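Attaching a single structure in structure tokens format; questions to follow.
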Amino acid sequence: MTSSAYRFLLILLLASPALTSLAQDVPRWAPRAAEADTLYSNQDYVGAAKIYTEILDANVQKDGKYDDRNLYGILYKRAVCYYSVEKFEEALKDIDMFDPVFPKAPQPKILKAFIYRALDNVDKQLENLEQAMAMQPPNPDFLKWRGLLLIQKNKY
């Protein structure tokens, strides 16, 4: 054998355990999640939420928490789907499960603010918006939104 053939075999032998471990790290629900993500990106929120629900239901929680932290991404996407089809209470339930696991993430607070805007709850909208604003650099759109809410509450 030539030296390049030996090199190829050596690389193959060294890489195969790494490739095997990568293949083992892919959750069994990943293909279904990819299908749901496709529906989600095509704005078929009902179809995506259905598949996300199947994935979450198949992965039983322990003590109200999922063992696999990746499932919280699925949970958050389902919350966005629910928000998009105006199932606000279901969206809030999902966010309330997501939020304690990722308390420093501003996105759930922003989504909650949007939900409370749709529900016409100025107090909760302002509370969540301010929490999100405290977690990230100033955003002019959020500053305007907060200003309008404060005017509605006569707190200017």
Side-chain angles (χ1 to χ4, degrees), residues 17-156:
L19 294 174
T20 304
S21 69
L22 284 175
Q24 291 173 350
D25 289 344
V26 175
R28 68 184 186 287
W29 47 262
R32 290 291 284 160
E35 183 182 344
D37 291 346
T38 299
L39 294 172
Y40 178 92
S41 66
N42 290 323
Q43 298 181 358
D44 180 358
Y45 299 116
V46 172
K50 181 180 178 187
I51 295 173
Y52 291 143
T53 299
E54 291 171 7
I55 293 168
L56 294 169
D57 288 349
N59 293 277
V60 181
Q61 303 174 48
K62 293 182 181 172
D63 302 326
K65 296 181 181 178
Y66 293 106
D67 284 339
D68 185 347
R69 288 177 63 90
N70 293 317
L71 289 169
Y72 287 96
I74 300 293
L75 186 69
Y76 184 78
K77 290 178 195 176
R78 186 175 72 173
V80 174
C81 288
Y82 284 153
Y83 167 75
S84 299
V85 295
E86 298 182 3
K87 291 186 174 185
F88 302 125
E89 294 305 320
E90 289 92 336
L92 286 171
K93 285 178 192 173
D94 283 355
I95 296 169
D96 288 341
M97 285 181 62
F98 178 93
D99 212 15
V101 179
F102 299 97
K104 294 182 180 179
Q107 293 87 353
K109 278 101 173 134
I110 295 167
L111 182 55
K112 281 176 92 170
F114 278 112
I115 291 169
Y116 285 121
R117 181 171 70 182
L119 295 173
D120 203 29
N121 185 330
V122 174
D123 292 330
K124 290 281 190 176
Q125 191 181 158
L126 183 60
E127 173 187 329
N128 284 282
L129 181 61
E130 287 181 335
Q131 287 176 8
M133 290 175 69
M135 297 177 173
Q136 57 189 7
N139 179 314
D141 293 324
F142 292 161
L143 290 170
K144 290 178 204 173
W145 185 5
R146 184 179 67 180
L148 292 171
L149 291 171
L150 291 171
I151 289 171
Q152 280 182 327
K153 291 180 60 115
N154 292 323
K155 291 187 177 184
Y156 42 90

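Since the structure is predicted, the reported quantities are computational estimates derived from the model, not experimental observations. In what follows, residues are counted from 1 in the order of the sequence shown.
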Shortest non-hydrogen contact from I95 toward A79
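Scanning both residues, the minimum pair turns out to be CG1-CB, 3.9 Å.
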If you take all heavy atoms of Y83 and F114, which pair is closest and at what distance?
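Here Y83 and F114 meet closest at OH-CB, 3.8 Å.
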Could you go through the side-chain contact (heavy atoms from CB on, under 4.5 Å) check for I110 and M133 one step at a time?
CA-CA 9 Å; I110 295 167; M133 290 175 69; over 6 Å; no
Is a side-chain N or O of D63 found less than 3.5 angstrom from the main chain of K65, in a donor-acceptor match?
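It does not hold such a pair.
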For D68 and N59, run side-chain contact (heavy atoms from CB on, under 4.5 Å): C-alpha distance rounded to whole Å, both residues' side-chain angles, the deciding distance at 0.1 Å, then the answer.
CA-CA 9 Å; D68 185 347; N59 293 277; over 6 Å; no
Within 6.0 angstrom of E86 CD, more than 12 heavy atoms from elsewhere
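No, because the 6.0 Å sphere around CD of E86 holds 12 heavy atoms or fewer from other groups.
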Within the 4.5 Å heavy-atom criterion, are F102 and P108 side-chain neighbours or not?
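Sidechains of P108 and F102: no contact.
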Gap between atom CG of L92 and atom CE of M97 - 0.5 Å precision
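If I round to the nearest 0.5 Å, the distance is 13.5 Å.
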Report the relative orientation of the aromatic rings in Y72 and Y66; use parallel for angles under 30°, tilted for 30 to 60°, perpendicular for over 60°.
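Geometry flag for Y66 against Y72: perpendicular rings.
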Counting distance only, does the side-chain N/O of N121 pair as donor-acceptor with the main-chain N or O of R117 below 3.5 Å?
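It does not hold such a pair.
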pair L119-K124: side-chain heavy atoms closer than 4.5 Å
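No, every pair of side-chain atoms sits at 4.5 Å or beyond.
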Within the 3.5 Å criterion, strictly below it, is a donor on E54 or W29 matched to an acceptor on the partner's side chain?
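Side-chain D/A pair, E54 to W29: absent.
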Rounded distance (nearest 0.5 Å) linking atom OH of Y45 with atom OG of S84:
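One finds 4.5 Å between OH of Y45 and OG of S84.
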Nearest 0.5 Å, what's the OH-CG distance between Y116 and L149?
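Between Y116 OH and L149 CG, I get 14.0 Å after rounding to 0.5 Å.
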Any idea which heavy atoms bring Y40 and K77 closest together, and the distance?
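Heavy atoms only, the tightest pair is CE1-O, 3.9 Å.
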To the nearest 0.5 Å, what is the distance between CG on L56 and CD1 on I51?
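Between atom CG of L56 and atom CD1 of I51 there are 12.0 Å.
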Please identify each residue that fulfils salt bridge (charged side-chain N to carboxylate O under 4.0 Å, His left out) with D57, with sequence neighbours left out.
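Testing D57 for salt bridge (charged side-chain N to carboxylate O under 4.0 Å, His left out), a comparison that skips the adjacent residues, returns none.
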Roughly how far, to the nearest 0.5 Å, is CG of L71 from CZ of R78?
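Reported to 0.5 Å precision, the distance equals 10.5 Å.
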Out of the candidates I115, T53, V46, only one should pair with Y82 under the side chain to side chain contact (heavy atoms under 4.5 Å, CB included) rule; please name it.
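So the option named by the test is T53.
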What is the minimum heavy-atom distance between N128 and A113, and which atoms define it?
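Closest pair (atom of N128, atom of A113, distance): CB-N, 3.9 Å.
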Checking Y52 against D37: is there a side-chain donor and acceptor pair closer than 3.5 Å?
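Yes - a donor-acceptor pair under 3.5 Å links their side chains.
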Salt bridge present between E90 and K93 (N-O < 4.0 angstrom)
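Judged by the 4.0 Å cut-off on N to carboxylate O distance, E90 and K93 do not form a salt bridge.
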Can you tell me if D44 and N42 form a side-chain donor-acceptor pair at under 3.5 Å?
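No, N42 and D44 have no side-chain donor paired with an acceptor closer than 3.5 Å.
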Looking at side-chain heavy atoms only, is the closest gap between E130 and L126 below 4.5 Å?
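Side-chain contact under 4.5 Å: yes.
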Worked check of side-chain contact (heavy atoms from CB on, under 4.5 Å) between K153 and D123:
CA-CA 8 Å; K153 291 180 60 115; D123 292 330; 2.2 Å; yes
CG-CG distance between N139 and L129, expressed to the nearest 0.5 angstrom
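Going from CG on N139 over to CG on L129, the span is 9.0 Å.
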Atom of K109, atom of A132 and distance for their closest heavy-atom approach
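Here K109 and A132 meet closest at CB-CB, 3.8 Å.
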Show the nearest heavy-atom pair for residues A48 and A36, with the distance to one decimal.
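Minimum heavy-atom contact is CB-O, 3.5 Å.
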